[in-house]
2 protein chains.
Amino acid sequence: MANMNIDQQKTFATAFRRLHRGPEILVLANCWDVASARVLEAAGAPAVATSSAGIAFSLGYPDGQRISREEMLAVVARIAKTVKVPVTADVESGYGSRPEDAAHTAQTVIEAGAIGMNLEDSQDESDTELADLSLAVEEIQAVREAGGKAGVPLVINARTDVYLNAVGAAESRYDHALRRALAFHDAGADCIFLPGIKEPGLIARFVNDLKFPINILAGPGSPSISELQRLGVARVSLGSKPMLAGLGTLRRVAQELQQSGTYMSLEGAVTYAEMQKLLE
Amino acid sequence: MANMNIDQQKTFATAFRRLHRGPEILVLANCWDVASARVLEAAGAPAVATSSAGIAFSLGYPDGQRISREEMLAVVARIAKTVKVPVTADVESGYGSRPEDAAHTAQTVIEAGAIGMNLEDSQDESDTELADLSLAVEEIQAVREAGGKAGVPLVINARTDVYLNAVGAAESRYDHALRRALAFHDAGADCIFLPGIKEPGLIARFVNDLKFPINILAGPGSPSISELQRLGVARVSLGSKPMLAGLGTLRRVAQELQQSGTYMSLEGAVTYAEMQKLLE
């Protein structure tokens, strides 16, 4: 797994951090294996972000920290070894509930060759409790310290699941998420990831109140990229949706074989020769 | 990796072998990871077949035995551990050129929990030499023996690449492929895989001359499934095409984000909730 090149990673971390400050919005269509990372890189992605759910699904685990830290980061290391752009890893809630666990995870992220990480404050989508705020803050501080110690200024994308998991009464969520976002930023987070938010007015309110980069999870029903950019969003990602869209294609291939016995759903594929070339 | 259940595998091998004898043609849309295997199983696949190119691409290798036996079979083991249908593994040319290598591979296939394997007679698609016929025959015999020794009557899908790799003069290929197919069957192969053949007349000629199950690699431009069944084909597979079609979807997602900033290419995805359920 040792895949480090500290000088290169330092340069990449700085470059990736800068991508959160415009002028263009940073758009990351998440990957889940080396092939998907290479396809995104070849399509012009300035960096690649992993989907933790995508990697877990690919290896046979449900999403929600059922995969081990080592298995998750082994895939990240394969990706970082192959692509030539910065890699940021989704590491769920850091594989453990103590700040030491988050620090260990950050160190493993760096060993895998990545330069950024997502860290969330819930265990899974059914978790309506969220991590204690002071503990979540200590985890982010521990990640920041681990990055400093290793010489890689990790780009920390701190996620709060207040909206995604519908935590507490609906009218309390804005203040709750804002409080967490501010505390995470004070603790050293570079960007605050707010999945579960699609409404333009709400996005604009967060942008105006936070005044630092925010990450929106987009997909069908979300404002367009240009609208998100106009609202002041710094970073857009798609989570496991690109992987699940590929599996949707697979399901259509299987259904078409059964129903009409034809192969039209295979049209538009990356060719074998293209893929060979992308991996040589 | 130890994932064996010899009694279950014996039953599965027998059931999978029977699927090559009708009444319906056996259609296998190949998988490349656990998620894709589960999607195919849920869509009604009676068995799942891995694509060696798909697995290699996913892990960051070009196709053509650049991946190690252990990495390839580790993915097969994850799949076999999760699905409840028989699993057959594409193991390229067996990871080594000696019959002992093929036997070792067969043993590893069984340890991974699979019950069948594809074994090809070329190193990669640029290989116009093909393995020496007597050596290829010894490899199949070694696989058959290894299965017998382990108590799992492996379903051997022996592949000749005479057509795929355009070996020798065009007018010599039919006799060359036929000679190999007959020798492979005599050595213990259950089915002969003839990739690179799409023309109905040619398929019918092989079916009539061989009188045992043949596997055709299908895709856009191939006869439909019902036409292949009418021609007497026993088994149809798609190789790495389903995986590459999913990557085609990913590429369209990335292009759409850049061009119109919208998310239509994500429509038709397997949902997150469906995938969670498939892996619980």
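Order of the sequence lines sets the chain letters (A, B, ...), proteins ahead of strands, with each chain counted from 1. Note that the structure is a prediction, hence the values are computed from the model and not measured.
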Visitor: Taking side chain as everything from C-beta outward and backbone as N, CA, C, O, which of these in A/S222 sits under 4.5 Å from a heavy atom of chain B? Side chain, backbone, both or neither.
Guide: both

Visitor: Is the closest side-chain heavy-atom distance between B/L278 and A/F57 below 4.5 Å?
Guide: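 Not touching, per the 4.5 Å side-chain cut-off.
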
Visitor: Measure distances from A/Q229 to the heavy atoms of chain B and classify the residue's part below 4.5 Å as side chain, backbone, both or neither.
Guide: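 Answer is neither: A/Q229 stays 4.5 Å or more from chain B.
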
Visitor: Has B/Q255 got a side-chain atom pairing as donor or acceptor with A/A43's backbone, closer than 3.5 angstrom?
Guide: no

Visitor: Give the member of B/G246, B/G261, B/S265 that has the highest number of heavy-atom pairs under 4.5 Å with chain A.
Guide: B/G261

Visitor: With a 4.5 angstrom heavy-atom cut-off, could you sort out which part of B/S58 is near chain A: side chain, backbone, both or neither?
Guide: both

Visitor: Only pairs of heavy atoms separated by less than 4.5 Å count here; which of B/L257, B/I79, B/V27, B/T262 has the most with chain A?
Guide: B/L257

Visitor: In terms of heavy-atom pairs under 4.5 Å, which option from A/L228, A/V34, A/L244, A/D33 contacts chain B the most?
Guide: A/L244

Visitor: Looking only at atom types and distance, does a side-chain atom of A/E280 sit under 3.5 Å from a main-chain N or O of B/P62, one as donor and one as acceptor?
Guide: no

Visitor: Tell me, out of B/T82, B/L266, B/T249, B/V236, who's got the most heavy-atom pairs with chain A below 4.5 Å.
Guide: B/L266

Visitor: Which bit of A/R66 comes within less than 4.5 Å of chain B, counting heavy atoms only: side chain, backbone, both or neither?
Guide: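 For A/R66, the contact with chain B is made by the side chain alone.
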
Visitor: Under 4.5 Å, counting heavy-atom pairs only, tell me which of A/G219, A/G44, A/P242 racks up the most with chain B.
Guide: A/G219

Visitor: Knowing that exactly one of A/V253, A/L250, A/L247 qualifies, which makes a side-chain contact (heavy atoms from CB on, under 4.5 Å) with B/L40?
Guide: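 Only one option passes, and that is A/L250.
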
Visitor: Considering non-hydrogen atoms only, spot the tightest contact between A/V270 and B/G248 and give its length.
Guide: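 That would be CG2-N, 3.7 Å.
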
Visitor: Quick one: CD on A/E256 to CD1 on B/I225, what's the gap to the nearest 0.5 Å?
Guide: 9.5 Å

Visitor: Heavy atoms only, distances under 4.5 angstrom: which of B/M243, B/K277, B/E71, B/R38 has the most pairs with chain A? Name it, please.
Guide: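 Winner by heavy-atom pair count: B/E71.
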
Visitor: Is it true that, when you exclude A/E129 itself, more than 12 heavy atoms of the residues, nucleotides or ligands shown sit nearer than 6.0 Å to its CD?
Guide: no

Visitor: Is a side-chain donor or acceptor of B/Y272 paired with a backbone partner of A/K241 at a separation under 3.5 angstrom?
Guide: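 No; zero donor-acceptor contacts below 3.5 Å.
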
Visitor: In terms of heavy-atom proximity below 4.5 Å to chain B, should A/A53 be classed as side chain, backbone, both, or neither?
Guide: side chain

Visitor: Between A/S240, A/P220, A/A254, A/A42, which shows the greatest number of heavy-atom pairs under 4.5 Å with chain B?
Guide: A/P220

Visitor: Looking only at heavy atoms and a cut-off of under 4.5 Å, which of A/L238, A/D63, A/T271, A/V39 has the most pairs with chain B?
Guide: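 Answer, by heavy-atom pair count under 4.5 Å with chain B: A/D63.
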
Visitor: Where on A/R78 is there a heavy atom nearer than 4.5 Å to chain B: the side chain, the backbone, both, or neither?
Guide: side chain

Visitor: So for A/E227, is it side chain, backbone, both, or neither that comes closer than 4.5 Å to the heavy atoms of chain B?
Guide: neither

Visitor: Taking every heavy-atom pair that is under 4.5 Å apart, which of B/C31, B/S224, B/S260 has the most such pairs with chain A?
Guide: B/S224

Visitor: Given heavy-atom pairs under 4.5 angstrom as the criterion, report whether the side chain, backbone, both or neither of A/S36 touches chain B.
Guide: both

Visitor: What are the two closest heavy atoms between B/Y263 and A/P223, and how far apart are they?
Guide: OH-O, 2.7 Å

Visitor: How close do B/R252 and A/E267 get, heavy atom to heavy atom, and via which atoms?
Guide: NH1-O, 4.4 Å

Visitor: Which atoms of A/M264 come close to chain B, meaning under 4.5 Å heavy atom to heavy atom: side chain ones, backbone ones, both, or neither?
Guide: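 For A/M264, neither part sits under 4.5 Å from chain B.
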
